[in-house]
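Residue numbers start from 1 in every chain, and the chains themselves are labelled A, B, ... in the order their sequence lines are given, proteins ahead of strands.
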2 protein chains.
Amino acid sequence: MKRLPSPQHLLLDQQLCFALYAASRSVTGLYRPLLEPLGLTYPQYLAMLVLWEQDGLTVRELGQRLQLDSGTLTPLLKRLQAAGLVTRQRRLEDEREVEIRLTDAGLSLREQASAVPACMAQRLQLSIDQMQSLRDELKRLTRQLQLSPSEDSP
Amino acid sequence: MKRLPSPQHLLLDQQLCFALYAASRSVTGLYRPLLEPLGLTYPQYLAMLVLWEQDGLTVRELGQRLQLDSGTLTPLLKRLQAAGLVTRQRRLEDEREVEIRLTDAGLSLREQASAVPACMAQRLQLSIDQMQSLRDELKRLTRQLQLSPSEDSP
DNA sequence: CAAAATTAAATTGTGTACAATTCAATTTTC
DNA sequence: GAAAATTGAATTGTACACAATTTAATTTTG
């Protein structure tokens with residue numbers, strides 16, 4: 001087994017990106033068993049969180065909130081519709097827009113989902129402060145990246 | 001547009017998981033234009049980082065390092081093979097195992113990839129210290145989750 | 001040593017992600 | 001006010017993720 005000397009800065013364990021990628025997938029994996037009884041995948045759960053906050057958003061508005069485009073959201077929302085949790089219908093004011101509304105089942109699912117965050121917090125083994133500071137650091141990072149996507153002049 | 005009062009702990013912006021998920025996708029998106037000239041996707045780049053560190057790993061070993069299973073790696077590695085960057089062949093000692101080896105092209109791609117981390121670091125707008133501490137915090141989180149996947153007794 | 005158990009990849013099926021294109025509906029501009 | 005530009009979803013195509021199953025090879029056991 002030949003070992004090739006790879007420079008420090010190319011080592012996997014040095015990469016912030018991999019730490020992020022691995023942590024994100026690990027956390028998602030931890031949600032899976034909690035969400036399965038609700039019949040939701042993790043991205044579907046995020047979409048429901050948004051709708052529970054504000055019902056009747058359009059696909060575009062939902063996409064802005066979750067930072068996902070219609071290519072991802074359209075099939076996801078169709079699955080939520082097939083599961084009887086939301087309805088999708090064109091806006092009368094502007095027929096290009098599709099409005100997503102919770103059904104009664106979709107709204108009442110919030111009760112069951114309500115136990116999820118505390119359950120996760122416990123598994124994460126972080127204090128409230130630790131969770132908040134990590135979360136805020138990540139949000140700052142995300143915001144930073146979206147402000148300077150390539151640093152090019154127009 | 002009806003607003004439903006959703007409890008604090010169910011608000012999207014409160015979720016550490018969403019901050020992680022969004023940050024991870026943002027960072028991946030920032031890599032895309034840097035990796036495109038190399039002909040690599042982001043997960044392919046991670047696999048190449050591992051192989052540049054240690055050539056001749058099996059699919060299983062690569063999977064342990066990246067925390068990905070054969071369902072993800074097999075097609076990814078076939079694409080790297082199709083791109084002429086790696087070879088895949090059964091081990092003689094144990095024919096169940098498939099050994100992944102860099103081709104000359106795969107090895108020499110490291111020179112071009114060498115510029116990527118510095119370029120990313122600049123875009124992330126974080127000091128070396130900030131990057132390291134965030135990375136280590138995420139690694140600790142990931143390790144924590146993998147140690148206690150469900151807190152059940154055997 | 002042969003049957004049973006285990007292991008490593010591959011395969012299958014579902015569900016994201018995201019670029020690129022298409023299509024229809026609305027705005028803008030001339 | 002009609003042609004051109006823009007916008008919002010949907011669609012298409014590629015590439016992950018990951019659960020579950022299958023297949024083949026190796027170990028373990030009786």
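The existence of a salt bridge linking Glu95(A) and Arg90(A) is excluded, since no basic side-chain nitrogen approaches an acidic carboxylate oxygen closer than 4.0 Å. Look at Asp13(A) and Arg65(B) and you find a salt bridge, because one of the NZ, NE, NH1 or NH2 atoms lies within 4.0 Å of a carboxylate O, short of that distance.
Think of the region where chain B sits on DNA chain D: with heavy atoms and a 4.0 Å cut, that region ends 5' and 3' at dA15(D) to dT26(D). Think of the region where chain A sits on DNA chain C: with heavy atoms and a 4.0 Å cut, that region ends 5' and 3' at dG15(C) to dT26(C).
At a non-hydrogen distance threshold of 4.0 Å, nothing from residues 12-21 of chain A comes into contact with DNA chain C. Shown for residues 68-76 of chain A: residues whose heavy atoms fall under 4.0 angstrom of DNA chain D, namely Ser70(A), Gly71(A), Thr74(A). Residues from residues 37-49 of chain B lying near DNA chain C, meaning a heavy-atom separation below 4.0 Å, are absent.
As judged by a 4.0 angstrom heavy-atom cut-off over every strand, Thr28(B) is placed among residues making no nucleic acid contact. When heavy atoms are screened at a 4.0 angstrom cut-off, Arg79(A) is found touching base atoms of the nucleic acid. In this structure, Glu93(A) reaches the sugar-phosphate backbone alone: every heavy-atom distance under 4.0 Å involves primed, P, OP1 or OP2 atoms, never a base.
Summary of the strand contacts: Ser26(B) and Val59(B) both lie near DNA chain C, and taking for each the nucleotide with the nearest heavy atom, the more 5' one is attributed to Val59(B). Annotation: of the two residues near DNA chain D, Val98(A) and Leu92(B), the 5′-most nearest-nucleotide partner is Val98(A). Sequence order on DNA chain D of the closest nucleotides to Lys78(A) and Gly29(A) puts Lys78(A) first from the 5' end.
Looking at Gln14(B) and Arg135(A), their side chains come closer than 4.5 Å, going by heavy atoms from C-beta outward. A 4.5 Å side-chain heavy-atom check between Val116(B) and Tyr31(B) finds at least one atom pair inside the cut-off. Between Gln44(A) and Leu38(A), every side-chain heavy-atom pair lies at or beyond the 4.5 Å cut-off. When side chains are defined from C-beta on, Leu20(B) counts as touching Leu20(A), because their heavy atoms get closer than 4.5 Å. Looking only at side-chain heavy atoms (C-beta outward), Glu61(B) and Gln54(B) stay at 4.5 Å or farther from each other. You'll find the side chain of Ile100(A) stays beyond 4.5 Å of the side chain of Leu73(A), heavy atoms only.
One N or O on the side chain of Ser108(B) and one on the backbone of Ala105(B) form a donor-acceptor pair closer than 3.5 Å. In terms of modelled atom types and a separation under 3.5 Å, the side chain of Trp52(B) and the main chain of Gly106(B) share a donor-acceptor contact. Side-chain atoms of Glu53(A) come within 3.5 Å of backbone atoms of Leu12(B) as a donor-acceptor pair (strictly under, hydrogens ignored). Within the 3.5 Å criterion, the main-chain N or O of Thr41(A) finds no donor-acceptor partner in the side chain of Glu36(A).
With sequence neighbours left out, Asp94(A) forms a salt bridge (charged side-chain N to carboxylate O under 4.0 Å, His left out) with Arg96(A).
When all heavy atoms of Leu80(A) and Ala47(A) are compared, the closest pair comes out as CD1-CB, 4.3 Å.
Interatomic distance, CG of Leu85(A) versus CG of Leu51(A), reported as 10.0 Å (0.5 Å rounding).
Remark: Glu93(A) CD is packed, more than 12 non-hydrogen atoms of other residues, nucleotides or ligands lying under 6.0 Å away.
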